[in-house]
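Let me begin by presenting the structure, written as structure tokens, before commenting on it.
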Amino acid sequence: MPAGPCYSALSLWTQALLNLMVTIDVDSPLAQLGIPDSNILLMLADDIACNPRNPYPTSVFNDADQQTNLYDDIVEVDYRGYEVTAGSFLDLFHGRHDSAVPKSKRLLSNNQSNILVYITGHGGDGFMKFQDKEEVTSDEIGAAFALMHKEAKYHEMLFISDTCQAASLYGSIQAPHVLSMASSKIGEDSLSHHVDYDVGLSIIDRFTYYLLEFLQGVGPGSKATMQDLITHIRPTPLHSTFNYKVTSLRKPLPKTLVLGFFGDQKRVASRRHQTPPKPQCPRRSGNNFSWNQSVKEIAI
């Protein structure tokens, strides 16, 4: 483990309910494994908990049995709605922010920080879509990571892309000490796992489902390695081809701990001192319309 904190940037770039659920899926185990919320930057392009298609207002479930509400009263979304742009994502790595952007929305990493970057949404060969109207390219991702290395803003980095043709997104990454993982190879789709018929769509991707299956067996102090994670995912029925790329990690994969990216044994103190209120969906006035009362009627 490096001496510095672990940071995670979890990003959703489209407005699909499935991908919103997938992003929140990964946020939950990170917090459970010791990364404080102040070190997790969560970007969601839509408010799934209050989306009219969600029959369970203020709740998000990643399984059809609805056992665990992922959108609990401590979830903090750092960038939401139209704050989630190609520019705001790249600015995290460039460190180029307007003076009005608070520290809680910045990646305050250093040369002792391990960073996990997890992205999901709709993409293609060499690009990822934002808000269905702009894109980030693999070249821009590679250049952003190269700049971070030049400015000594990370110790090691894990880049995970869960999208169609996901392996194309790490093609331009040449910065050292980066492990990249992708849910599909170039030319392949990345597929969903199962459907929640109450919501009316698939609610988790296959890659993320098996990633979480592995993480559920990882606890504080675990000696599980990145090689163990790769071994677990490779044989699973993804219906796509899992790929990974290593650019000179400091240790070989069998000696690189999963908790180096997915947990923080030092439990760095959070910058946020107040527990946020439990999320509430907005109530709409006029014609006696209440979103909370009517969402089941309009969710079709």
Side-chain angles (χ1 to χ4, degrees), residues 1 6-12 18-35 39-40 42 60-70 72 75 114-121 156-163 166-167 169-170 178-185 188 190-194 196 202-246 249-265 267:
M1 291 288 291
C6 294
Y7 284 86
S8 300
L10 309 178
S11 305
L12 168 84
L18 164 63
N19 293 316
L20 283 160
M21 291 177 176
V22 168
T23 307
I24 299 174
D25 278 335
V26 178
D27 174 86
S28 181
L30 293 176
Q32 294 173 4
L33 289 172
I35 297 183
N39 288 18
I40 300 175
L42 179 59
V60 176
F61 302 100
N62 69 344
D63 209 323
D65 62 10
Q66 300 160 4
Q67 293 297 308
T68 303
N69 178 17
L70 301 174
D72 56 23
V75 168
N114 279 3
I115 299 176
L116 162 64
V117 180
Y118 174 91
I119 59 174
T120 184
E156 289 185 309
M157 188 182 303
L158 172 60
F159 174 66
I160 299 179
S161 54
D162 186 358
T163 184
L169 291 179
Y170 63 58
V178 179
L179 169 60
S180 302
M181 304 174 75
S183 61
S184 57
K185 67 180 183 180
E188 281 187 341
S190 186
L191 304 177
S192 58
H193 188 267
H194 66 272
D196 183 331
S202 302
I203 57 174
I204 187 170
D205 287 334
R206 287 181 173 271
F207 175 82
T208 300
Y209 181 90
Y210 292 109
L211 171 62
L212 293 177
E213 182 181 70
F214 178 85
L215 292 178
Q216 286 171 356
V218 176
S222 172
K223 299 300 181 183
T225 68
M226 296 307 298
Q227 184 63 60
D228 295 330
L229 173 58
I230 291 171
T231 301
H232 175 84
I233 292 180
R234 272 197 156 176
T236 56
L238 296 181
H239 296 178
S240 61
T241 307
F242 169 68
N243 278 253
Y244 70 93
K245 170 185 175 181
V246 178
L249 283 179
R250 298 180 185 276
K251 295 181 181 179
L253 291 175
K255 294 186 178 180
T256 301
L257 295 181
V258 169
L259 286 183
F261 300 104
F262 288 95
D264 192 343
Q265 295 170 324
R267 293 184 174 272

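Since we're looking at a predicted model, the values are computed, not measured.
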Which residues share a side-chain hydrogen bond (donor to acceptor under 3.5 Å, both in side chains) with [X], sequence neighbours left out:
| X | result |
| --- | --- |
| T225 | D228 |
| E188 | T241 |
| S161 | none |
| S190 | D162, S183 |

query: Which atom names give the shortest non-hydrogen contact between S222 and L259, and what distance separates them?
result: N-CD1, 3.5 Å

Separation between [atom1] of [X] and [atom2] of [Y], rounded to the nearest 0.5 Å:
| X | Y | atom1 | atom2 | value |
| --- | --- | --- | --- | --- |
| Q227 | K255 | CD | NZ | 13.0 Å |
| I115 | L158 | CD1 | CG | 11.0 Å |
| I160 | F261 | CD1 | CZ | 9.5 Å |

Between [X] (side chain only) and [Y] (backbone N and O only), is there a donor and an acceptor less than 3.5 Å apart?
| X | Y | result |
| --- | --- | --- |
| N243 | A167 | no |
| E156 | R250 | yes |
| T208 | D205 | no |

Can you tell if the side chain of [X] reaches within under 4.5 Å of the side chain of [Y], non-hydrogen atoms only?
| X | Y | answer |
| --- | --- | --- |
| R234 | Y244 | yes |
| I233 | F214 | no |
| T236 | F242 | no |
| T256 | L179 | no |
| Y209 | S192 | no |
| L229 | V218 | no |
| T163 | L169 | yes |

- request: May I ask you to check whether F207 and H193 place their ring centres under 6.0 Å from each other?
  value: no

query: In chain order, what residues pass the side-chain contact (heavy atoms from CB on, under 4.5 Å) check against S180, with sequence neighbours excluded?
result: F159, Y170, I173, V178, K245

task: List for me each residue that meets side-chain contact (heavy atoms from CB on, under 4.5 Å) alongside L191, sequence neighbours excluded, and say none if there are none.
output: D189, R206, H239

message: Please evaluate residues V258 and M226 with respect to the criterion side chain to side chain contact (heavy atoms under 4.5 Å, CB included), reporting the C-alpha separation (whole Å), side-chain torsions for both, the decisive distance (0.1 Å), and the verdict.
response: CA-CA 5 Å; V258 169; M226 296 307 298; 3.9 Å; yes

